[in-house]
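Just below is one structure, and these are the notes that go with it.
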Amino acid sequence: MKGYSFLSLARQALNRHQGWPVAWRTPELKKNYDVVIIGAGGHGLATAYYLAKNHQIKNIAVLEKGSLGGGNTGRNTQITRSNYFWPQSAAFFDHSLKLYEGLSRELNFNVMLSQRGLLTLAHSLHELEGIQRWANAIRINEIEAEILSPIEVKKLVPLIDIDCRFPVHGGFIQRRGGISRHDAVVWGYARAASAYGVDIIQQCEVTALNIQSGRVTGVQTTRGTIGADKISIAVAGHTTELARMADFRVPITSMPLQAMVSEPIKPCLHTVVMSPVIHMYVSQSDRGELVIGGGADLYNSYAQRGGIPLLQENIAAVLELFPAFTRLRLMRQWAGIVDITPDTSPVMGLTPLQNLYISGGWGTGGYKAIPAGGDTMAYTIVHDEAHPLIEDFGLARFETGALIDEGAASGVSH
Amino acid sequence: MTPSPTNRLTSGGRIDRTQPLSFRFNGKPLQGYSGDTIASALLANGIGTVNRSFKYHRPRGVMSAGVEETNALLTVSGGNGDIPVVRTTVRALVDGQLIKSPSGFPNVNFDLGRVLDFTHRFWAAGFYNKLFKWPSWRWYEGTVRRMAGLGKLPDGEDGNKYFHHNVHCDVLIVGAGPAGLAAALGCANSGARVLLVEQDHELGGSLLADGAQINAIDSDTWLSRTTSTLEDAANVTVMTSSTVSGYYDHNVLTITDRSTTGVVRFWKVRAKEVLLATGAFEQPLVFENNDRPGVMLANAAMTYVLRYAVKPAHVMVVATNNDTAYRVAFALHDNGVRVPAIVDSRENIAEEVSKEAGERGIPIMAGSVVLDTVGTKALTRVSVGRLSNDGRSTVDPTSVIACQGLAMSGGFNPNCSLYSQAGGSLRYDAQLACFVPDEEKACRQRVTVAGAANGKFSLADALTEGARAGSTVTGEAGFACSPAEVATSALGSYHLKAMRITPTGDTSRQWVDFAHDVTVADIELAVRENFVSVEHLKRYTTVGMAVDQGKTSNLNALTLLAELTDRSVEEVGTTTFRPPFMPVPMGAIAGPQHGDFYAPARLLPAHDWHVDHGAVFENYGPWKRPEYYATNGRDRETAIREEVLALRRSAGLFDGSPLGKIEITGPDAGEFLNRIYVNNALTLKPGRVRYGIMLSENGIVIDDGVFARLADDCYLVSTTTANADHITAWLEQWHQCEWPDLNLVISTVTSQWAVATLAGPNARTLLQEIESDIDFSVQALPHMTLTTGTFLGMHARVQRVSFSGEMSFEISVPALDGRQVMETLMNSGGDRITLIGIEALTILRTEKGYLHVGGDTDGMTNALDIGFGGIVARKKTDFVGKRSLLRGGDQRKDRRQFVGVEPLNDNEELESGAHFITSQREGRRSQGVVTSACFSPTLNRVIGLGLLEGGFARKGETVTVFDDGRTFDVRITDPTFYDPGGEKMNA
């Protein structure tokens with residue numbers, strides 16, 4: 001992998017950029033792989049990367065039915081944070097945030113991590129107590145969180161109308177939280193994985209799994225059958241479909257989650273602002289667009305498009321907090337399909353089938369988990385045993401009852 | 001060159017010369033006319049450079065005459081703050097308007113930012129992904145952010161009004177150009193409800209700048225007759241200045257309507273049939289420096305001359321790959337613009353156009369393409385080269401033509417955004433070199449496309465197809481209608497050569513996307529680096545992602561991508577079009593849903609009465625409820641303490657009206673509730689009340705409250721205020737989806753009843769003084785019973801339930817009588833009764849150890865964790881959540897369980913939200929949370945409730961608490977601090 005640096009850019013600029021190598025190869029599909037990963041989104045590619053880097057497994061294919069990063073990785077609102085309530089989640093997501101903090105250098109690809117702070121608002125005394133409970137939990141988990149008074153909120157984000165219909169009673173901020181560039185993350189992992197020899201196969205849809213006596217042996221795809229010692233599923237939005245192919249059930253429902261951006265303007269919002277109760281979150285991208293999200297559409301669907309009611313509710317919520325945005329125009333609206341579990345925590349680890357692994361149920365928060373998801377799944381695949389950080393996120397918890405409900409910490413309730 | 005003071009023609013056009021308008025551009029006073037757009041007025045004044053480009057800060061002029069504009073996106077002040085990113089090509093000029101170029105330092109004519117253009121080689125696509133990793137992105141981000149953005153957030157108040165409208169129609173026709181008008185004419189008087197929507201303030205589309213003959217009369221006359229016919233037709237509603245922006249499922253479309261000044265209306269249309277006559281966008285040609293001021297789309301040049309009577313320049317070269325630009329050249333020529341040459345990439349030019357050019361003396365340079373342009377702020381000359389035989393290069397010599405403008409036509413691309421949003425597929429038409437609706441593939445909506453939007457680029461074809469489609473869709477909607485008679489003799493040849501990109505020259509100076517400064521070199525680089533899927537190309541180079549959403553750049557980018565990767569354009573495909581077609585003000589989307597209407601406050605039936613009694617209100621969900629009563633100028637703390645003590649000593653009156661009230665009626669009501677509640681509902685006798693909890697399928701406590709049996713087949717369920725709506729929906733879901741066989745009706749009666757709760761040792765005595773036929777004695781009405789009767793002459797339900805731990809009567813009367821009950825009780829009780837707000841009640845119930853679902857429980861608290869183990873064990877029949885409680889994880893002894901808590905040191909501030917933590921020795925970890933805490937006026941000390949790991953077995957234990965960095969010790973107790981035996985409550 002040829003390095004990206006100021007020097008290489010300068011050299012290439014003089015050479016009219018003729019000498020840049022491909023970011024990732026377009027390999028020939030082989031008949032057999034040590035590991036086949038289904039889904040070339042952030043999680044799939046990160047898993048492949050850490051398998052190659054940390055575990056020296058190089059004979060890996062990542063299969064993608066569309067183009068890499070075309071699913072939820074390319075549709076989310078780019079928020080990274082680790083302000084979780086339960087210790088298991090906090091440990092996992094903070095590991096992820098720490099990996100994010102070094103990711104641009106590790107991948108030699110600027111993922112534009114902008115730790116501008118993530119502010120969560122409370123709109124009543126009761127919510128303020130909830131925020132205190134949440135912030136204390138975060139601090140006990142040894143992650144920073146700072147409670148802010150309404151005045152401090154106003155000082156931090158002057159555009160917020162703290163006397164709106166549900167006046168702001170306070171909030172808390174995780175200063176290490178923020179945003180990064182989602183496409184850059186997936187491209188960075190793809191490039192680094194490809195350089196390790198990982199085969200990223202795009203336009204290759206998995207249609208069936210080959211199973212022999214409780215053990216997976218390969219996949220059937222639109223480009224033929226591929227043998228694999230181990231298979232891992234990382235297909236946000238379609239986890240239930242893949243599980244169906246493997247003949248086991250996952251307690252997941254899939255719904256469209258909308259996101260939208262305004263026309264770009266000069267910097268005016270320097271913090272990510274979330275209001276779990278008013279149901280909105282907003283940040284301003286480096287391009288100047290306001291990036292807006294809210295609750296999921298209230299029906300199950302695989303169609304990656306949103307409806308009008310949620311759009312209206314979402315925009316109304318943003319404007320209630322930020323009346324100055326009324327004259328900005330909404331430029332683009334889209335949706336991704338989110339996999340929601342009963343306790344809103346992910347499903348990661350082993351499956352009822354031997355040599356088949358799963359990473360799904362990410363709900364609305366898979367993007368921030370990409371580095372840790374990849375790291376821990378790589379370990380899990382190699383050791384055939386859940387990585388300590390994800391032990392509690394296995395499918396078994398729905399049978400044992402050891403749930404990890406992050407309803408509050410998943411940002412916006414479902 | 002010296003720009004002439006005015007480029008305005010002395011006659012013609014659709015402007016009103018009797019109404020001059022003054023405006024300022026970057027401070028300079030200028031004049032235009034009513035009927036002008038801002039862009040046409042700027043051109044009329046000879047303004048070449050209107051803005052600077054996004055990335056390289058190059059001078060840019062007006063590029064189009066429509067919504068596809070990429071350059072003239074300016075800041076406009078007009079009584080409503082400085083609005084950024086205004087498409088001045090479609091925004092009407094208004095007297096007194098201040099127009100500003102958003103970029104350019106120190107000004108738009110001399111911009112230091114241009115240094116980025118001179119060093120452009122460093123800033124190729126994705127350069128930021130390769131740079132700025134050391135020491136971290138944070139060091140660079142601020143600078144990069146400041147450079148992005150197309151204007152500032154408007155300041156000051158938004159003076160616009162925003163409204164929402166809903167409308168149904170049989171046929172929605174989008175676009176009132178030739179095809180849309182022909183269609184609408186046919187359905188006029190068909191009886192179908194027709195809605196014709198046009199984004200311009202006038203109907204006509206391309207006819208507004210045409211001059212062709214229709215039905216043997218000139219198009220202007222035909223247009224005004226057609227407009228009157230449609231306006232007179234009772235079944236046709238015409239909307240102008242209205243843009244259909246989104247196409248959603250079930251044929252629901254949204255319209256942004258700006259037809260009234262100062263008002264933006266957001267329409268939701270539910271249409272039986274939709275006809276899209278949305279026209280097409282002319283595509284630019286790609287050559288070196290094709291972005292200079294003076295270079296514009298050919299049909300834009302024609303629009304400026306014919307519609308606005310403005311010469312875009314005095315000397316204009318026309319460059320084309322098809323016949324349509326000839327009509328532009330003729331219009332320019334006929335209106336006094338010198339056209340020194342038509343540069344045509346085609347070798348053979350049809351005689352019908354070449355002959356007419358000859359008659360006007362316009363030379364045609366066949367088989368040639370524009371190579372480059374020259375000029376700093378305005379165009380001074382263009383160089384033209386002949387294509388080689390294989391068309392892959394050019395041959396010498398190069399001709400240089402002096403000019404001030406260049407009109408270019410790369411042919412048209414149908415405007416398929418709405419069709420794509422509707423789920424329609426597009427196919428690449430190699431002959432037309434553009435994407436057209438693929439009629440072979442089914443679309444999930446009831447939609448038809450006609451005219452230029454369907455690849456019918458000639459006026460004749462558009463009219464014919466529009467008329468036919470209008471009749472067909474009206475028929476589909478169930479109304480008889482024959483196609484309108486429309487015919488034209490207008491020149492309709494097209495003869496497009498599928499070539500828009502000059503094959504030679506410096507590709508880093510050939511613009512594909514003007515708005516985002518994406519060049520051919522950027523696309524080459526993306527391909528070199530293997531960003532070869534459309535999505536990757538778009539995101540890596542940002543082509544088509546600017547505010548115009550690629551209306552003039554996507555097609556050229558896709559064509560290039562196909563060429564560079566040896567694929568067909570069909571294979572490359574397109575990206576998905578997303579709503580909205582044109583950006584919509586966010587205020588319009590929210591409409592009136594803001595301020596008081598954001599979530600309309602729910603008020604107590606006796607709200608005003610509470611106001612008169614000094615209530616200080618707070619939001620509790622959607623409700624405004626008295627937090628406390630600031631009687632006699634008491635402060636909050638004093639008021640709350642006195643309210644608590646008054647209730648414990650004598651009596652308190654609390655307005656409990658918002659409490660959720662759901663009646664379940666029918667023979668299976670008992671069976672239904674028995675499946676919903678953890679508690680047994682069947683054994684409850686009429687007239688009796690029981691406290692119960694509801695669980696989710698996961699065994700998690702989702703609500704609590706009492707339920708009463710009013711009769712054998714009728715129950716009254718009380719829910720917590722916050723969950724009232726949710727629980728109603730939850731019950732309906734179980735009834736409708738899982739147990740439709742159960743015979744019952746669920747009705748919410750929350751707002752039918754006002755509830756006055758009188759509690760305290762004197763409550764009974766006070767009630768007995770009131771006129772009523774109800775026996776309030778403990779024998780007749782003991783705790784947890786219900787009776788009905790007449791109270792103050794009103795029909796009343798009285799429940800003996802208590803949330804405070806005192807003897808308590810919950811009196812429900814019809815909502816409108818709420819005020820009278822409160823008033824009578826207060827007057828009759830005098831000093832013996834005190835009004836109680838929510839905060840006092842919260843303390844009272846904490847003293848009693850009554851939990852608040854959602855506060856004292858969280859998303860992990862199951863029935864066993866709050867002490868319902870015995871009830872669960874005793875209930876033999878199934879209920880929602882029972883299966884989950886059987887899991888090992890749900891029965892663990894170390895789960896977080898409901899406890900009481902008190903600080904060891906009385907002075908310690910114990911607050912809700914603090915955590916119980918393990919000792920340092922074990923490694924600090926949360927063992928649970930303090931969920932409620934208060935200073936108890938009754939007990940004169942601090943108490944609290946909490947959820948603690950293994951809490952049931954830890955009463956008496958000392959545990960450390962962490963709160964906001966502080967740690968201190970507390971004792972774990974029983975949650976019931978007050979009257980554990982319940983004697984007071986049962987009195």
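The sequence lines fix the lettering, A, B, ..., with proteins before strands; numbering per chain opens at 1.
Rounded to the nearest 0.5 Å, atoms CD (B/Gln549) and CE (A/Met331) are 5.0 Å apart. Rounding to the nearest 0.5 Å places CG of A/Asn110 at 10.5 Å from OH of B/Tyr128. Within the model, atoms CD of A/Glu64 and OG of B/Ser533 stand 9.5 Å from one another, a figure rounded to the nearest 0.5 Å. Summarising the geometry, atom CH2 belonging to B/Trp134 is positioned 10.5 Å from atom OG belonging to A/Ser104; distances are rounded to the nearest 0.5 Å. Put simply, NZ on B/Lys133 and CG on A/Leu113 are 14.5 Å apart, with the number rounded to the nearest 0.5 Å. From B/Ile589, atom CD1 reaches atom CG of A/Leu330 across 4.5 Å, with rounding to the nearest 0.5 Å.
A side-chain donor from one of B/Asn530 and A/Thr26 sits under 3.5 Å from a side-chain acceptor of the other. Between A/Ser114 and B/Glu141, the side chains place a donor N or O and an acceptor N or O closer than 3.5 Å (distance only, hydrogens not considered). For the residue pair B/Asn619 and A/Arg165, a side-chain donor N or O sits within less than 3.5 Å of a side-chain acceptor on the partner. Side chain to side chain, A/Gln284 and B/Arg145 meet the donor-acceptor criterion of an N or O pair below 3.5 Å. Side-chain contact annotation: B/Asp964 with A/Asn136, donor-acceptor N/O pair under 3.5 Å absent.
Proximity of B/Arg146 to A/Lys266: side-chain heavy atoms (C-beta onward) are nowhere separated by under 4.5 Å. Two residues are said to be in side-chain contact when any heavy atoms from C-beta on lie closer than 4.5 Å; B/Met582 and A/Arg329 fail this criterion. Between B/Glu529 and A/Val22, the closest side-chain pair of non-hydrogen atoms is not below 4.5 Å. At a threshold of 4.5 Å between non-hydrogen side-chain atoms, the residues B/Gln593 and A/Leu319 do not count as touching. Inter-residue side-chain proximity for A/Gln12 and B/Lys130 is flagged as unmet; no heavy-atom pair is nearer than 4.5 Å.
Neither the backbone nor the side chain of A/Glu146 comes within contact range of chain B; no heavy atoms are under 4.5 Å apart. Interface remark: B/Asp890 contributes backbone and side-chain atoms alike to the contact with chain A (heavy atom separation under 4.5 Å). A/Ala303 does not touch chain B: none of its heavy atoms, backbone or side chain, sits under 4.5 Å away. B/Thr254 touches chain A through its side chain: at least one heavy atom from C-beta onward sits under 4.5 Å away, while N, CA, C and O do not.
With hydrogens and angles ignored, the 3.5 Å screen pairs a side-chain donor or acceptor of A/His17 with a backbone N or O of B/Arg121. When atom types are taken as modelled, the side chain of A/Arg105 and the backbone of B/Pro135 share a donor-acceptor pair closer than 3.5 angstrom.
Ring geometry for A/Trp187 versus B/His536: interplanar angle over 60°, hence perpendicular rather than tilted (30 to 60°).
Taking B/His594, B/Arg892, B/Met545, B/Arg444 one by one and counting their heavy-atom pairs under 4.5 Å with chain A, the maximum is reached by B/Arg444. For chain A, the option among B/Gly246, B/Ser696, B/Gly156, B/Ser245 with the highest count of heavy-atom pairs below 4.5 Å is B/Gly156. Ranked by heavy-atom pairs shorter than 4.5 Å toward chain A, the options B/Gly587, B/Ala590, B/Pro579 are led by B/Pro579. Of the residues considered (B/Glu911, B/Arg883, B/Glu839, B/Arg528), B/Arg528 shows the highest number of contacts with chain A, using heavy-atom pairs under 4.5 Å. Here B/Gly595 is the residue among B/Pro84, B/Gly595, B/Ser884, B/Ala124 with the most heavy-atom pairs under 4.5 Å with chain A.
Partners of B/Asp548 by salt bridge (Lys or Arg N to Asp or Glu O under 4.0 Å), not counting sequence neighbours: none found.
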**Prompt:** For B/Val144 and A/Met112, what are the C-alpha separation, side-chain angles and deciding distance, and is it a side chain to side chain contact (heavy atoms under 4.5 Å, CB included)?
**Reply:** CA-CA 11 Å; B/Val144 171; A/Met112 298 178 159; over 6 Å; no
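For the salt bridge (charged side-chain N to carboxylate O under 4.0 Å, His left out) condition, no pair includes a residue of residues 148-159 of chain B, sequence neighbours left out.
Here the two rings, on B/Phe531 and A/Trp24, have centers that are under 6.0 Å apart.
Environment of CD in A/Glu142: sparse, with no more than 12 heavy atoms of neighbouring residues, nucleotides or ligands closer than 6.0 Å.
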